[in-house]
Amino acid sequence: MYNHKEIEKKWQNYWDEHKTFKTDAWDFSKPKFYALDMFPYPSGVGLHAGHPEGYTATDIVSRMKRMQGYNVLHPMGFDSFGLPAEQYAIQTGNHPSGFTEKNIETFTAQLKMLGFSYDWDREVSTSDPSYYKWTQWIFKQLYNDGYAKQIDMPVNWCEELGTVLANDEVIDGKSERGGYPVVRKNMKQWVIDIPAYAEKLLNGLDELDWPESTKEIQRNWIGKSTGALVEFKVAGTNEKFKVFTTRCDTLFGATYCVLSPEHKLVDMITTKEQKDAVDAYKKECASKSDLERTELNKDKTGVFTGAYAINPVNNTEIPIWISDYVLASYGEGAIMAVPAHDERDYDFAKKFNIPIIQVLEEVTGTPHENESTKNSIVAIVYDEKNDKYLTINWHEKGGRLFIGGSIKDGETPLECAIREVEEETGYTDLEFVCEVPKINHHYYAYNKDKYFNIECTGILFKLKSDKQDNRNLDDDEVFDVEWASKDVIDSEIKDELHRKTFEYTSNPGAMIGDGIHINSEFLNGLNKEDAINKMIEFLEENNCGKKKINYRLREWIFARQRYWGEPIPVIHLEDGRDVVLDDSELPLILPELEDYKGKNGHAPLENATDWVNVEVDGVKGKRETSTMPGSAGSSWYFLRYIDPHNDNELADKELIKHWMPVDLYVGGPEHAVGHLLYSRMWNNFLYDKGIVSVAEPFKKLVHQGMILGSNGIKMGKRFPEFVVNPNDVVEEYGADTLRLYEMFMGPLEADKPWNDEAANGAHRFLERVYRLYFEENKIGGDSTSLEKIYNQTVKKVTEDYESLNFNTAISQMMVFINAVYKEDSFNPEYAKGFVKLLNPIAPHITEEIWNVVFKNTDSIAYEEWPKYDESKLVEDSFEVVVQVNGKVRGKLAITDNMSEDEIKSKAKEIENVQRFIEGHEIVKEIVIPKKLVSIVIK
RNA sequence: GCUCAAGUGGCGAAAUUGGUAGACGCGGCAGACUCAAAAUCUGCUGAUAGCAAUAUCUUAAGGGUUCGAGUCCCUUCUUGAGCACCA
């Protein structure tokens, strides 16, 4: 039995005293490797079981890279501004820094207890003035360049928390922290103009080695959409407004416009008659929170303003409505509505009886030369009582169809449909339900030997009664009239036009897809893409619109009415000017307060009157009292680690150039759009300023999964009996076991339930290894029979560490140890090699073996990583599988120099194979070298 | 509703380009050691049938491509994540 407590303490002390993992950042003689963990918020409860997972992953890679001769930067720090420390301060009246320091101490002790190879001399914490000096300095650069600014904007205001929240801190209209209601409110706000970097942030993603899903989340969050601005004049006035649309090709189908209720123009254009209704509606919207707005999103509401807009392409006057389905914050806060080709507009138009004009029709069938054209209908008659549809069955002459026919001169589609149903089936008692979008169909008529291109209207009827008059058929119309269920229709109606029409009638609504334009003058006949381009050309020529790219990404709200954050280094002067502090005045240190709670949503810093009131060049002013959000300090910490004690700049440029980007970054997926986007923006900005050498800070990113309770549910307050505390595991089994087990549980990225028995199994493996080295004196001999498996193990473990597949690396090491047990001994070279392979995962036990068994005085940390001999991996004989018709029927041992024919005949000699091929004709024989023989019989 | 990811034994999971499905571990069963237990070591362990050799079935369900599919294609279901009136 090995004493993990003694051994782990011993080596942790050794690493501390010898500063084993101190990195000389200026040593450029070796290749660099920067392995980074997302630094924790030092809460009062200490590390949970999930923390060590990601930290162990980077630690394993760091330790291997050191042994492979890299100069490794592997730092740790603390994201120490934030709400819990602030609430502690409010409750106790003490300054939060003491609380924070104490928590950092606890965290540090716990991290050391787990044996991570951090260079502790590089520790940073974001609440340390020597750190936030540079956070303020970066803010100042953003301010000077116009990216940090104050704007009047609607914000997410949380009354309970007394602060403004960023979009990603609001979930379903409630605050992420605490779940309190959040309402929209207009306020003057500090923001960072992250949309200015939208294009760079979007393009930068392509080159990154990140999980595809995370890149996709960021792409969606940035939400680029290419479209056009179209300018509408308001009839009878000089007013104009712009709309953003991605579908300017449908402009001929615009039958109304909608302004958001907050739109500037609303009051100016509303007519007297409509004023009361508009005002009431505006009031109703203002009192709705985001939550209520989204909850009600199915049912459209809105009010007509009484005003009309002039469609610039055809000078048609169309009504202007207001509705909260149009958001003030996106695009121009106004839209043109094309109900025929937009679902939301369709719903709205249906509800308020606004006309719908189809300007795009779907194309079915295959075009052909010399087509005749005509207009047709497809009529679908539904019998509600029996849940069946009226069809005609031509049998082998043309299969099953609905009722179809050509529109005669002077006939409307509806009249035609009624006539055709009567002529072909005799049914006359029909109720018209709806007409669906027209389809442009190409087909060949056998009976007439002609190609046709038709415009076809689909019409849906309900059968009112069985009343059936005499049919009026042509001689060649030989078919049966049959009622068919939906299943029969799905399987038997093959004609594309009829299927499509049926689909349209089953879910009536807007036609969203591509097709060719109709009712659109100069766009007629064009597809969507060509029509968009042509329309943009038209708009630009006529000065009433232009191409435009819009982003969903909003400004990053950069101020909180809280105490425990970085002060914003700006003074508001009485004469209206704002000035930013001189570099020499940074850091602007947080003043101590008597009361850390702000009153009625006012920032706590307003209480520090001595600090707030200042004079600049004889002009009185007040300091900004909002502080920066938590995401400020974490947006650049990876740069500070490179040169953490530099007083003159955020980090030495030459060092940044050498060490950036981060080679491996591991952290939870919950930061996909917050921290990971903000960091990228700051780094891109600093890159543009020439301070950082690369635009993208994190080359490779991996998200660790969650460690779930043994009940398969997220650990937490809900099921406290299933919460695993890493301290307990270290106490019982040791840090090496915790590290090994968490890495063995499954793939790093997956969520995995904890299992006490399996953790014990990991400990058993370490015991097994320990005994092999210490108790049984098994080291010695030449053990050539282990040659292959040893080399395989070195190869697999090295590759798996590199690709972060730790679970399979461990499994391979277990296979190796099992083989050694069978062999009863292994030679010193393999024994040493294995200790090195295991070291990154279980550093304490392997240091102990290296020191005591192999009598080394130095740490194993910088020993050379084992190499494998490729030639030892190659087998000289193989077991080949013999398949008959794809099923394994036998196995065959072959040597390397056997010819294909030899293998084939040997395969056929196998008794069990003969049983299956006897009396059958062999159709084919396939030989895959070194893998299998496949015999195909008839 | 839309987008993405995933579904493999009793459990956690393996399976380079399509080529022996279930490596490794947990749990279970048996044996050795022991007065006994624990620990340890050794063997067996997807299901069904059979003394066995072996056969049949089996990677959420159904279909397809292929000599051969966990892997590729289509349809459906389930779970998780993200977005949610983004014009």
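These numbers come from the heavy atoms of this one structure, side chains and all, not from hydrogens, waters or symmetry mates. Labels below follow one simple rule: chain letters A, B, ... track the order of the sequence lines, proteins then strands, and each chain is numbered from 1.
Nucleotides B:rA52 and B:rU42 are separated by 26 Å at their P atoms, to the nearest Å. Comparing the P positions of B:rU3 and B:rU17 gives an interatomic distance of 28 Å, to the nearest angstrom. Across B:rG12 and B:rG62, the matching P atoms stand 22 Å from one another, rounded to whole Å. Taking the C1' atoms as reference points, B:rG82 lies 47 Å from B:rC44, given to the whole Å. Separating the P atom of B:rA14 from that of B:rG64 is a span of 31 Å, rounded to the nearest Å. Nucleotides B:rA36 and B:rG43 place their C1' atoms 23 Å apart, quoted to the nearest Å. Comparing the P positions of B:rC35 and B:rA13 gives a spacing of 43 Å, expressed to the nearest Å. Only the C1' atoms considered, B:rC29 is 44 Å distant from B:rC73, to the nearest whole Å.
Remark on RNA chain B: of its neighbouring residues A:M814 and A:I335, the 5'-side contact belongs to A:M814, judged by nearest-heavy-atom nucleotide. Map A:M745 and A:K924 each onto its nearest nucleotide of RNA chain B; the residue landing nearer the 5' end is A:M745.
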Please determine whether salt bridge (charged side-chain N to carboxylate O under 4.0 Å, His left out) holds for the pair A:D299 and A:K351, giving the CA-CA distance in whole Å, both sets of side-chain angles, and the decisive distance to 0.1 Å.
CA-CA 9 Å; A:D299 199 21; A:K351 179 160 176 186; 3.5 Å; yes
Take A:Y325 and A:F348 through the test ring-ring contact (aromatic ring centres under 6.0 Å, His included) and record every step on the way to the result.
CA-CA 9 Å; A:Y325 87 89; A:F348 193 85; 5.3 Å; yes
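Atom-to-atom, CG of A:D751 to P of B:rG80 comes out at 11 Å; the value is rounded to the nearest Å. Summarising the geometry, the separation between CG on A:D324 and C1' on B:rA87 is reported as 14 Å, rounded to the nearest angstrom. A:I532 has its CD1 atom 13 Å from the C1' atom of B:rA87, to the nearest Å. Rounded to an integer number of Å, the gap from A:I512 CD1 to B:rG1 P is 16 Å. Going from atom CG of A:L748 over to atom C1' of B:rA13 covers 15 Å, rounded to whole Å. To the nearest angstrom, C1' of B:rA87 lies 14 Å from CG of A:D347. Put simply, OH on A:Y733 is 12 Å from P on B:rC26, counting in whole angstrom units. In this structure, A:Q812 places its CD atom 12 Å from P of B:rA15, rounding to the nearest Å.
Considering only side-chain N and O atoms, A:T808 lies nowhere under 4.0 angstrom from the phosphate OP1 or OP2 of B:rA23. Phosphate contact (OP1/OP2 of B:rA53, side-chain N/O of A:R915, threshold under 4.0 Å): absent. Contact between the side-chain N/O atoms of A:K752 and the OP1/OP2 oxygens of B:rG12 is not found at any separation under 4.0 Å. The phosphate of B:rA84 has OP1 or OP2 within less than 4.0 Å of a side-chain N or O from A:R552.
The environment of A:K215 atom NZ is dense: over 12 non-hydrogen atoms of other residues, nucleotides or ligands sit within 6.0 angstrom. Few gaps surround NZ on A:K494; more than 12 heavy atoms of other groups in view lie less than 6.0 Å from it.
A:R889 comes within 4.0 angstrom of sugar-phosphate atoms only, judged by non-hydrogen atoms across all strands, and of no base. Residue A:N807 is classed as a sugar-phosphate contact, given heavy-atom separations below 4.0 Å to backbone atoms only. Counting non-hydrogen atoms under 4.0 angstrom, A:G761 reaches the backbone sugars and phosphates but no base. Nucleic acid contact class of A:Y741 (heavy atoms, under 4.0 Å, all strands): none. In this structure, A:D345 reaches neither bases nor backbone, as no heavy-atom distance under 4.0 Å exists between it and the strands shown. Residue A:P747 is classed as a sugar-phosphate contact, given heavy-atom separations below 4.0 Å to backbone atoms only.
A:I841 places none of its side-chain heavy atoms less than 4.5 Å from the side chain of A:T56. Inter-residue side-chain proximity for A:D345 and A:I335 is flagged as met; some heavy-atom pair is nearer than 4.5 Å.
Salt bridge status for A:E53 with A:K752: present, with a side-chain N to carboxylate O gap under 4.0 Å.
The aromatic rings of A:F241 and A:H263 sit perpendicular to each other, their planes meeting at more than 60°, with 30° as the lower class boundary.
Contacts with RNA chain B (heavy atom under 4.0 Å) in residues 705-715 of chain A: none are found.
Of the possible polar contacts, none joining the A:N885 side chain to the A:V936 backbone as a donor-acceptor pair under 3.5 Å is found. Under a 3.5 Å cut-off, the side chain of A:Y801 and the backbone N or O of A:L837 do form a donor-acceptor pair. Formation of a donor-acceptor pair under 3.5 Å by the A:N755 side chain with backbone atoms of A:A758 is found in this model. Side-chain N or O atoms of A:Q704 include one that pairs as donor or acceptor with a backbone N or O of A:G668 at under 3.5 Å. In this structure, the side chain of A:T798 engages the main chain of A:V794 through a donor-acceptor pair within 3.5 Å.
Taking CD1 of A:I60 as the start and CG of A:L748 as the end, the distance is 9.0 Å to the nearest 0.5 Å. To the nearest 0.5 Å, atoms NZ (A:K240) and SG (A:C544) are separated by 10.0 Å.
With its glycosidic angle within 90° of 0, B:rG9 is assigned syn.
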For nucleotides 40-50 of chain B, just jot down a letter per nucleotide in 5' to 3' order: B, S or -, based on protein non-hydrogen atoms under 4.0 Å.
SSSS-------
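Applying the side chain to side chain donor-acceptor pair (under 3.5 Å) test to A:E670 and every residue at least two apart in sequence or in another chain returns nothing. Applying the side chain to side chain donor-acceptor pair (under 3.5 Å) rule to A:E231 yields no partners; only residues at least two apart in sequence or on another chain are considered.
For A:I926, the listed nucleotide lying nearest its side chain is B:rC67; candidates were B:rC26, B:rC67, B:rA21.
Paired runs in RNA chain B that reach 3 or more consecutive Watson-Crick or G-U pairs, where each pair keeps both distances under 3.5 Å, cover B:1-7 with B:77-83, B:10-12 with B:24-26, B:27-32 with B:40-45, B:46-49 with B:54-57, B:60-64 with B:72-76.
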Dump the pairs, protein N or O against N or O of nucleotides 68-74 of chain B, anything under 3.5 Å, distances to one decimal.
none

